[in-house]
Amino acid sequence: MTYLEEYHDLIRRGEIVAGYWIRKEIQNLIEDLQDPRYIYDTTHAHKRMDFQQHFCLQSKQPYYGKPLELVIWQRAYWETLYSFRMADTGLLRFTESLLEIARKNGKSTMFAGDAMYDLFLGAGGMDICCASNDDRQARLIWGEIAGMRERLDPKRALTKPTLTELKNRSRGITVFRLSSKTQNKDGFNISKTLMDESHDVSEENGASEVAEACWRGMSSKDEPLFLNCTTQGFNRGCYLDKKLDYAKKVIRGEIDDIHFLPWLYEQDSEQEIWQDERTWEKSNPSLRY
């Protein structure tokens, strides 16, 4: 049984409490396993997860110095993202993903672990961009990667940090930051974008500008990947609201976008938050661990 199928089975049997949007999307993906347009090959995804769990040491108490331990929802997410391939080309199916989740569920750490695989074992010449509205937020994932790099390669035998970049010198791989404060947002040659905390931005302060710059930087790639991880926020009609609306239409089948992976952890109602604390797991899938 794959992690995707295991996760679906746990939700179906009620062992995991899940909200409507993630339940519906997981069901869609289970049906896609039988779609002849796709191949589901878990080899690369499991290799990435093994690297994360063996070589990525965490930076925050009470887990400082301990290996990253992925739980079932994270395993299902990474497996889905990297296992679905187009049958006709062999290329990755998904080019964009939106992960919406409550705070303190480990999203920045898991995204840092994924980027660590790219930094050490990625294809030569990769550029990975950590993007957000301002530089402080762009530093969240980038700083976590920097800490993991320091603990894995303290003597800088393979990698070298600077104030703005992390480099794998032998493979020509770079991890850098980009925000609305970056003066020149063009001219990049990006393979993967990790956008963090897009809930905290409105249209006028540069979030969509940063996202568009990243997409332009990935325009020549055969397998571009734009990963957006965020919590909910208070700005309405903003970049994130539009993305969430798009994601829900994809889940409901109102928009046919086979290359977009929505992964949304939301409560089904405000009332249930006060009436049944077991439902908190709907927006906090790491709560039980």
With a 4.0 Å cut-off on N to O distance, would you call [X] and [Y] a salt bridge?
X    : Y    : answer
K192 : D127 : no
E96  : K243 : yes
D32  : R93  : yes
K249 : D257 : no
K107 : E100 : no
K248 : E254 : no

N/O donor-acceptor pair under 3.5 Å between [X] side chain and [Y] backbone:
X    : Y    : result
E79  : L4   : yes
S132 : D196 : yes
N105 : A102 : yes
T89  : L91  : yes
R75  : L70  : yes
Q74  : V71  : yes
T109 : G106 : no
D276 : R278 : yes
D268 : G19  : no
E223 : L92  : yes

For residues [X] and [Y], report the shortest heavy-atom separation together with the two atoms involved.
X    : Y    : answer
M195 : A211 : SD-CB, 4.2 Å
P262 : A247 : CB-CB, 3.7 Å
L244 : L264 : CD2-CD2, 3.9 Å
I173 : G124 : CG1-CA, 4.4 Å
W142 : T162 : CH2-O, 3.8 Å
T231 : L240 : O-CD2, 3.4 Å

* How would you list, by chain and number, every residue that makes a salt bridge (Lys or Arg N to Asp or Glu O under 4.0 Å) with D50, sequence neighbours excluded? ->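 In terms of salt bridge (Lys or Arg N to Asp or Glu O under 4.0 Å), with neighbours along the sequence ignored, D50 is linked to no residue.
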Strictly by modelled atom types, are [X] and [Y] linked by a side-chain donor-acceptor pair under 3.5 Å?
X    : Y    : answer
Y82  : D114 : yes
E272 : Q267 : yes
E5   : T2   : yes
W263 : S97  : no
H44  : R48  : yes
N168 : S170 : yes
N133 : Y239 : no
S283 : E266 : no
D41  : S83  : no

Rounded to the nearest 0.5 Å, how far does [atom2] of [Y] lie from [atom1] of [X]?
X    : Y    : atom1 : atom2 : result
I251 : Y246 : CD1   : OH    : 12.0 Å
E165 : T159 : CD    : OG1   : 13.0 Å
R139 : S108 : CZ    : OG    : 15.0 Å
R23  : R12  : CZ    : CZ    : 13.5 Å
L121 : K47  : CG    : NZ    : 6.0 Å
T174 : R169 : OG1   : CZ    : 12.0 Å

Answer with yes or no whether the hydrophobic clustering places [X] together with [Y]; edges join I, L, V, M, F, W, Y residues whose side-chain heavy atoms lie under 4.5 Å apart.
X    : Y    : answer
F226 : L178 : yes
V250 : Y20  : yes
F120 : L194 : yes
M49  : F55  : yes
M110 : I26  : yes

* Run the side chain to side chain donor-acceptor pair (under 3.5 Å) check on K221 and N189 step by step: do they pass? -> CA-CA 9 Å; K221 303 299 182 183; N189 190 357; 2.9 Å; yes
Could you check if a side-chain atom of [X] sits within less than 4.5 angstrom of a side-chain atom of [Y], using non-hydrogen atoms only?
X    : Y    : value
I128 : I145 : no
I39  : F84  : no
L57  : L152 : no
T279 : S269 : no
P67  : Q53  : no
E144 : S59  : yes
R156 : R149 : yes
L261 : Y77  : yes

* Asked: So which of F111, F51, Y3 actually passes ring pair (Phe, Tyr, Trp, His ring centres under 6.0 Å) with W78?
  ->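 Only one option passes, and that is F111.
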* To do: List the steps and the verdict of ring-ring contact (aromatic ring centres under 6.0 Å, His included) for W73 and Y7.
  => CA-CA 7 Å; W73 74 264; Y7 193 42; 8.0 Å; no
* To do: Could you go through the side chain to side chain contact (heavy atoms under 4.5 Å, CB included) check for K160 and L166 one step at a time?
  => CA-CA 6 Å; K160 177 182 178 181; L166 308 171; over 6 Å; no
* To do: Apply ring-ring contact (aromatic ring centres under 6.0 Å, His included) to Y265 and W21, showing your working.
  => CA-CA 7 Å; Y265 290 105; W21 296 111; over 10 Å; no
* Structure fact -> With sequence neighbours left out, the residues meeting side-chain hydrogen bond (donor to acceptor under 3.5 Å, both in side chains) with R171 are none
* Within 45 degrees of the axis of the six-membered ring of F188 and under 6.0 Å from its centre: does R216 put its NZ or CZ there? -> no
* Go through the steps to decide whether T230 and L99 satisfy the test side chain to side chain contact (heavy atoms under 4.5 Å, CB included), and finish with yes or no. => CA-CA 6 Å; T230 186; L99 169 62; over 6 Å; no
